[in-house]
Amino acid sequence: MPLIGYARVSTEDQTPLPQSEALQTAGCVEIFEEHASGGNRARPVLARVLERVQSGDTLVVVRIDRLARSLSHLLEVIERLEAKGAFFRSLQDPIDTASPQGKFTLQVLGAAAEFERALIRERTKAGLASARAKGRVGGNPGLRTKDPAALRKVRLARQDGYMERLNETAQDWVPHVRRLRPDMAWEDVLRIINGPLPHDRHWTQSRLLRAVKAYVRDGFLLDEVLGRAGRRETDDRLPAIVAAIKGSDPEITLQAICDRLESMRERTPRGRTSWQPSSVKMLLERAEKLGLL
């Protein structure tokens with residue numbers, strides 16, 4: 001079970017060397033180091049680590065706060081790892097999702113987080129009710145009067161919030177869009193993106209297009225990804241999809257590709273719903289002849 005280490009310090013003046021040495025002693029075969037604030041969820045090195053992790057791997061940190069500063073962020077990262085069949089371990093905390101005790105600790109943390117959210121909701125409702133009883137009206141006065149400056153400020157804040165949420169999921173869809181568009185139709189790109197994701201994180205085509213346009217607008221993706229997809233021969237469609245899955249994970253097995261195609265509800269060349277490794281191997285050979293690999 002490969003161990004992948006992640007070490008983080010907040011400023012350039014600090015050194016991640018002590019963390020890296022502890023991770024190396026723990027048996028990590030790879031160690032990623034990052035200089036970034038713990039409150040910033042959009043960390044490029046962490047995003048690369050989460051994209052790199054494969055089924056059976058374990059992401060290891062020295063302490064929980066090196067990975068996340070909030071319980072919600074910690075649980076979000078662990079959910080992404082579990083979706084890929086990977087595990088999480090903290091050397092100085094009682095969390096190892098590969099063990100029953102670690103899973104129990106995680107469940108307790110999740111329950112605590114939900115309880116905290118419920119308390120915040122109740123306090124917010126009580127505060128609003130008290131303010132209304134005293135005749136105070138909530139909200140932004142500038143918005144109530146439709147002041148242009150206030151409206152622009154809110155619009156920019158919403159855009160910033162939207163981009164921050166997109167950055168948290170970028171590793172799920174940006175590599176696929178960058179590699180497959182415009183050679184592949186949006187419908188097929190969408191199915192490849194959704195294939196390994198849990199159902200509650202599936203993208204719709206309209207939501208994906210909105211995200212891609214936002215990234216193109218800000219220069220994170222090239223304009224060409226929005227171009228019209230060329231017409232592909234019917235016989236070339238399945239090899240293209242299989243080649244795309246293989247291209248996103250060169251080490252993926254034939255059986256894993258079968259599972260991915262079944263999760264995408266893709267039918268075999270003979271119209272069956274169950275895939276066999278031999279069929280995938282044949283399509284990969286055809287994809288190679290077509291120059292898709």
Side-chain angles (χ1 to χ4, degrees), residues 1-123 161 163-172 174 196-198 200-201:
M1 190 188 309
L3 304 180
I4 299 174
Y6 174 74
R8 181 190 64 79
V9 291
S10 299
T11 67
E12 295 292 339
D13 296 334
Q14 297 174 312
T15 174
L17 183 59
Q19 295 179 53
S20 297
E21 290 176 345
L23 293 170
Q24 187 175 11
T25 302
C28 293
V29 296
E30 289 183 79
I31 298 175
F32 294 81
E33 299 178 350
E34 183 161 41
H35 290 78
S37 168
N40 181 13
R41 295 193 180 189
R43 297 181 228 152
V45 175
L46 178 59
R48 191 162 68 248
V49 172
L50 294 177
E51 186 175 346
R52 155 70 180 82
V53 168
Q54 300 178 4
S55 177
D57 292 347
T58 298
L59 176 61
V60 185
V61 296
V62 173
R63 297 191 311 275
I64 290 177
D65 65 350
R66 297 302 87 197
L67 178 68
R69 284 290 184 87
S70 68
L71 183 55
S72 62
H73 188 207
L74 173 65
L75 296 175
E76 177 186 320
V77 171
I78 293 177
E79 285 177 2
R80 292 187 183 181
L81 293 172
E82 289 183 338
K84 301 181 74 171
F87 306 99
F88 171 73
R89 180 189 303 171
S90 174
L91 299 181
Q92 297 183 13
D93 301 289
I95 295 184
D96 182 351
T97 60
S99 69
Q101 295 87 350
K103 289 183 178 179
F104 174 74
T105 302
L106 189 61
Q107 290 172 353
V108 172
L109 288 174
E114 180 57 35
F115 179 64
E116 181 183 9
R117 286 191 293 268
L119 289 178
I120 292 173
R121 285 196 297 267
E122 290 303 317
R123 286 197 295 266
M163 292 303 295
E164 184 176 346
R165 292 193 299 274
L166 282 187
N167 292 338
E168 293 173 1
T169 62
Q171 68 272 12
D172 292 339
V174 170
L197 298 178
D200 60 348
R201 286 174 52 199

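Every heavy atom of this structure was used, including side-chain atoms; hydrogens, water molecules and symmetry mates were not.
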- Task: Please answer whether the main-chain N or O of Ala36 pairs with a side-chain N or O of Arg8 as donor and acceptor at a distance below 3.5 Å.
- Result: yes
- Mind running salt bridge (Lys or Arg N to Asp or Glu O under 4.0 Å) on Arg63 and Asp93 for me, showing each step along the way? CA-CA 6 Å; Arg63 297 191 311 275; Asp93 301 289; over 6 Å; no
- Asn167 side chain vs Met163 backbone, donor-acceptor pair below 3.5 Å: yes
- Query: Got a donor-acceptor contact below 3.5 angstrom from the Arg66 side chain to the Ser90 backbone?
  - Reply: no
- Item | Donor-acceptor under 3.5 Å (Arg89 side chain, Asp96 main chain) | no
- Message: Check whether Thr97 reaches the backbone of Phe88 with its side chain - one donor and one acceptor, N or O, closer than 3.5 Å.
- Response: yes
- Item | Shortest non-hydrogen contact from Val60 toward Leu91 | CG1-CD2, 3.7 Å
- Message: Ile4 vs Phe32, test: side-chain contact (heavy atoms from CB on, under 4.5 Å). Steps then yes/no.
- Response: CA-CA 8 Å; Ile4 299 174; Phe32 294 81; 3.7 Å; yes
- How close do Val53 and Ala86 get, heavy atom to heavy atom, and via which atoms? CG1-CB, 3.2 Å
- Query: Considering all heavy atoms of both residues, which atom of Leu67 and which atom of Arg43 are nearest to each other, and what is their separation?
  - Reply: O-NH2, 2.8 Å
- CA sep, side-chain torsions, deciding dist, call: Leu3, Val29, side-chain contact (heavy atoms from CB on, under 4.5 Å): CA-CA 6 Å; Leu3 304 180; Val29 296; 5.6 Å; no
- Correct closest heavy-atom pair for Glu34 and Leu46 would be OE1-N, 3.3 Å
- Query: How far apart are the closest heavy atoms of Leu74 and Ala68, and which atoms are they?
  - Reply: N-CB, 3.6 Å
- Message: Would the distance check show the side chain of Lys84 and the main-chain N or O of Glu51 forming a donor-acceptor pair, the cut-off being under 3.5 Å?
- Response: yes
- Where Gly56 and Pro2 come nearest, the two heavy atoms and their spacing: O-CD, 4.1 Å
- To the nearest 0.5 Å, how far apart are CG in Asp65 and CD in Gln92? 9.0 Å
- Note on the structure: The reported gap from CG in Leu59 to OH in Tyr6 (rounded to nearest 0.5 angstrom) is 9.0 Å
- Name all pairs fulfilling the salt bridge (charged side-chain N to carboxylate O under 4.0 Å, His left out) condition that reach into residues 16-32, sequence neighbours left out, sorted by first residue then second. Glu30-Arg52
- Message: Once side-chain hydrogen bond (donor to acceptor under 3.5 Å, both in side chains) is applied, do any residues pair with Glu33, and if so which ones, sequence neighbours excluded?
- Response: Ser20
- Can you name the residues that form a side-chain hydrogen bond (donor to acceptor under 3.5 Å, both in side chains) with Thr169, not counting sequence neighbours? Trp173
